[in-house]
Structures are given as C-alpha cells and as structure tokens.
Amino acid sequence: MPELPEVEIVTRHLRTLLTNRTITKAQLLLPKLAAENSPRQFAAGLRNAKCETVARRGKHILMHFANAKTLVAHLRMTGRFLYLDAAAENPKHTHAQFWLDNDKKLIFVDPRQFGTMHLVATAEVFVTKALSKLAPEPFGEEFTPKYLHATLKRSRQPIKLTLLDQTKVLGLGNIYASEALHRAKIHPQMSPHKLSLPRTKILQQEIIAVLNEAIANNSTMNMNPEELDGSYAGGVYESMTMVYEREGLPCLTCQTAILRFTQSGRSTYYCPTCQKR
Ligand SMILES: [Zn+2]
C-alpha cells in the first residue's frame, strides 16, 4: 500500500505529464470508483478540461482543472495510473480512462477496487469529508513540535497508533511510523501524553526526516515514467528501514534483536534496548 512518500512521487509524475494538457474525454468504467459522481457527471465535468496543476493533500492526489473542478484520487491498496498511447489496449482492471490532447491516455487500474475518485468544485475540495479533517501536512509550517506536543497530550491511544491517525499526524503509514519511533528512540506502546517537549521535538524532526528520505530514495529510482504505479517503491523500504520487517535481526545501533508485536491488527517492530517509554 503506498504511503505518503510514494503518493508524493506519483503526484510529481502526474504533474509533469498533465500540467497544461487537456482531457478531451473521460470515462468512468466502474461507477463505485467515483461513488459521489454519476458516470455522466464525471464525463461531463472532465470533458475538455485543461489541467492547471496536480497537487497532493495527505495521500489524496488533487488534479486541478481550469474549469474550476478538481479530481481527487486516492490509490488505496492497489490503485495506479498508467500513461499509454491513446490507441493502446487497456489492461485488465481499468476502471477509468482519460484521453489527452497529445494522442495519449491516462488510465486508472485497480484490481482490488478500493481506490476512490471524486470530482468536486475546486472551491469545495478542502471542505469535503475526506479532506476537511486531515492533520497539517508534515512538510508544512503548521506541523511544529508545539503542534505535535499538544496533539499527543490529548491522545489516549499508544503513541504508534496515534501516529497512524491521519487526523492527528499526517503522512505516516505502518512502515514509517515504526521507523520514526525507532529513530526518535520511543517505545511504540508509550502513552503519548507523557512524551516531554524535547523528545517530541526529536520525534517531529524524525517524522519529517524519514518521509524526506523516502521521497529522495524513490526519486532516484530508475523508473518508467509511463508506469505511474504506486507500487514501484516496493523495493525501497528494505534498503532504508531500520526496524520494519526486521524481526529477530540485530538492531543497527545496539545489536539487540528487533521485536515484533501486533497493535490494532498491524505489526509493529522496535528495538527493546534503544526505544524507551
Ligand atoms: Zn537498539
């Protein structure tokens, strides 16, 4: 499942491919992909729509059009965009297609069908249910140690689960939450309201660092720009993770075996020596 760094990379590629291009025609093939739009509305709203830019909010990809509409897309588990010749045959599980003014088409493929799209008035994007409750962007000015400290003070869940809550801290999925806690030397089961301001500051810095490193690693990968695939980052994690999926292996700092346990149905990895409550 793509996390924020992977979605950021997909967003950057879409921005390169789509900015100043016009969608001549769009077709929604799987109606539930855009449950809040009818297929007709979807096609009408995107017909001859010129893309002004492509942005990201959390793990949502925002394609802004000159007709004052925005297409909000979420890849979820297996959603991905492909950029093909207009005449190319669509692969299996193609659920939406967008013909462009350069004899190319962008298609959305999603075998598991958890991905979502929503065509909405640009002025209303940030008040939609999906986006209005999201925490500040990790790279934005609002995500300060003070913000994080105040947010953690109010949480009654273990810190790892708090970090996964996108209304509190944005951008960390299961992998990077484990990594950020390890780097900040914080035990994943710690009560977040007990974290001191100096330790919170370290955590805030490590969250930003781990996300930045993941983006940098992905950006340098040799990837085919014609396959805007949220999964192409798959090989990156192993090269940069210090605890994730390293159960039983020695901690890279102290050699203690990395432990794994389950929190809310998801695996958490940590070093029992380095990470303190
Ligand atoms: Zn250790």
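- A chain of hydrophobic side-chain contacts below 4.5 Å, direct or via other Ile, Leu, Val, Met, Phe, Trp or Tyr residues, connects Leu14 to Leu100.
- For the pair Thr128 and His118, the minimum side-chain heavy-atom distance is below 4.5 Å.
- For the residue pair Thr253 and Cys274, the shortest heavy atom distance occurs at CB-SG, 4.0 Å.
- Partners of Cys51 by side chain to side chain contact (heavy atoms under 4.5 Å, CB included), not counting sequence neighbours, listed by chain and number: Leu18, Val54, Phe65.
- Below 30°, between 30° and 60°, or above 60°: for Tyr244 and Tyr269 the angle between ring planes is above 60°, a perpendicular geometry.
- Counting all heavy atoms, side chain and backbone alike, Pro145 lies closest to Lys201 at CG-CG, 3.7 Å.
- Heavy atoms only, all atoms of each residue included: Glu142 and Tyr147 are closest at O-CB, 3.4 Å.
- Of the inter-residue distances, the one linking Gln27 atom CD with His95 atom NE2 reads 13.0 Å to the nearest 0.5 angstrom.
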Which is it for Leu4 and Tyr176 under the side-chain contact (heavy atoms from CB on, under 4.5 Å) test, yes or no, and what are the steps along the way? CA-CA 9 Å; Leu4 183 138; Tyr176 300 126; over 6 Å; no
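- The two atoms that bring Glu3 and Glu6 nearest to each other are N-OE1, 2.6 Å, heavy atoms only.
- Around CD of Glu141, the count of heavy atoms belonging to other residues, nucleotides or ligands within 6.0 Å does not exceed 12.
- Not counting sequence neighbours, His64 has no partner by the ring pair (Phe, Tyr, Trp, His ring centres under 6.0 Å) test.
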Step-by-step side-chain contact (heavy atoms from CB on, under 4.5 Å) determination, Leu33 to Phe108: CA-CA 10 Å; Leu33 170 64; Phe108 185 75; 3.6 Å; yes
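- Judged by distance alone, with hydrogens and angles left aside, the side-chain atoms of Arg246 form a donor-acceptor pair with the main-chain N or O of Met242 at under 3.5 Å.
- Leu163 and Leu161 fall into different hydrophobic clusters, where Ile, Leu, Val, Met, Phe, Trp and Tyr are joined by side-chain heavy atoms under 4.5 Å apart, directly or via other members.
- The same ILVMFWY cluster, assembled from side-chain heavy atoms under 4.5 Å apart, contains both Ile208 and Leu203.
- With hydrogens and angles ignored, the 3.5 Å screen pairs no side-chain donor or acceptor of Thr94 with any backbone N or O of Asn90.
- Residues that satisfy the salt bridge (Lys or Arg N to Asp or Glu O under 4.0 Å) test with Lys168, not counting sequence neighbours, are Asp165.
- Side chains of Gln113 and Lys32: a donor-acceptor N/O pair is present below 3.5 angstrom, by distance only.
- Not a single donor-acceptor pair under 3.5 Å links the side chain of Gln97 to the backbone N or O of Lys105.
- At least one side-chain heavy atom of Leu152 sits less than 4.5 Å from a side-chain heavy atom of Leu148.
- Hydrophobic cluster membership of Leu170, counting Ile, Leu, Val, Met, Phe, Trp and Tyr whose side-chain heavy atoms lie under 4.5 Å apart directly or via other members: Leu62, Val72, Val120, Val125, Phe126, Leu131, Leu134.
- Taking the ring pair (Phe, Tyr, Trp, His ring centres under 6.0 Å) definition, one finds that His74 meets it with His60, sequence neighbours left out.
- Cluster membership check: Leu249 does not share its hydrophobic cluster with Leu259, using side-chain heavy-atom separations under 4.5 Å among Ile, Leu, Val, Met, Phe, Trp and Tyr.
- Residues satisfying the side chain to side chain contact (heavy atoms under 4.5 Å, CB included) criterion with Arg266, sequence neighbours excluded, are Leu164, Asn174.
- Partners of Phe261 under the ring pair (Phe, Tyr, Trp, His ring centres under 6.0 Å) rule, at least two apart in sequence or in another chain, are Tyr270.
- Heavy atoms from other residues, nucleotides or ligands lying under 6.0 Å from NZ of Lys194 number 12 at most.
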Test side-chain contact (heavy atoms from CB on, under 4.5 Å) on Arg76 and Thr116; report intermediate values, then the result. CA-CA 8 Å; Arg76 302 283 172 200; Thr116 60; 4.2 Å; yes
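- Residue pairs meeting the salt bridge (Lys or Arg N to Asp or Glu O under 4.0 Å) criterion with at least one partner in residues 47-72, sequence neighbours excluded, are Glu8-Arg56, Arg56-Glu137, Arg57-Glu137.
- The side chain to side chain contact (heavy atoms under 4.5 Å, CB included) check on Lys25 picks up Trp99, with sequence neighbours excluded.
- Judged purely by atom type and a 3.5 angstrom limit, Glu179 has no side-chain atom pairing as donor or acceptor with the backbone of Val210.
- There is a side-chain donor-acceptor pair under 3.5 Å between Thr70 and Thr122.
- Side-chain N/O atoms of Thr78 and Asp110 include a donor and acceptor closer than 3.5 Å.
- Between Met190 and Arg199 there is a side-chain heavy-atom pair separated by less than 4.5 Å.
- The side-chain heavy atoms of Asp85 and Asp103, taken from C-beta on, include no pair separated by under 4.5 Å.
- Side-chain contact of Arg156 with His193: a donor-acceptor pair under 3.5 Å is present, judged by distance alone.
- For the pair Leu211 and Leu172, the minimum side-chain heavy-atom distance is below 4.5 Å.
- When every heavy atom of Ala184 is checked against every heavy atom of Glu206, the shortest pair comes out as N-CG, 4.0 Å.
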Just do the side-chain contact (heavy atoms from CB on, under 4.5 Å) check on Ile186 and Ile159 with the steps written out, would you? CA-CA 9 Å; Ile186 296 167; Ile159 193 157; 4.0 Å; yes
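- In this structure, Pro192 and Thr162 approach most closely via the heavy-atom pair CG-OG1, 3.7 Å.
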For residues 37-44, tabulate all N or O donor-acceptor pairs below 3.5 Å that involve a side-chain atom, not counting sequence neighbours.
| from | atom 1 | to | atom 2 | distance (Å) |
| --- | --- | --- | --- | --- |
| Asn37 | OD1 | Leu119 | N | 2.7 |
| Asn37 | ND2 | Leu119 | O | 3.0 |
| Ser38 | OG | Gln41 | N | 3.0 |
| Gln41 | OE1 | Ser38 | N | 3.1 |

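- Through ILVMFWY side-chain contacts below 4.5 Å, Leu29 is grouped with nothing and stands alone.
- Panel note: side chain Asn67, backbone Gly45; a donor-acceptor pair is recorded below 3.5 Å.
- Side chain of Ser155 to backbone of Gln157: a donor-acceptor contact under 3.5 angstrom is found.
- Using a distance-only test at 3.5 Å, with no hydrogens or angles considered, no donor-acceptor pair links the side chain of Gln275 to the main chain of Pro272.
- Using a distance-only test at 3.5 Å, with no hydrogens or angles considered, a donor-acceptor pair links the side chain of Lys276 to the main chain of Thr273.
- When the shell of 6.0 Å around CZ of Arg277 is examined, it contains more than 12 heavy atoms from other residues, nucleotides or ligands.
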Go through the steps for Glu36 and Lys129 under the test salt bridge (charged side-chain N to carboxylate O under 4.0 Å, His left out), then give the verdict. CA-CA 12 Å; Glu36 288 164 88; Lys129 209 168 82 188; over 6 Å; no
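- Residues meeting the salt bridge (Lys or Arg N to Asp or Glu O under 4.0 Å) test with Arg260, sequence neighbours left out: Glu247.
- Using a 4.5 Å heavy-atom threshold, the side chains of Ile9 and Ile215 count as touching.
- Panel note: side chain Gln204, backbone Phe143; a donor-acceptor pair is recorded below 3.5 Å.
- Under the 4.5 Å side-chain criterion, counting only non-hydrogen atoms from C-beta, Arg12 is in contact with Arg15.
- Between Cys271 and Cys254, some side-chain heavy-atom pair lies under the 4.5 Å cut-off.
- A donor and an acceptor atom, one from each side chain of Thr268 and Gln263, are located under 3.5 Å apart.
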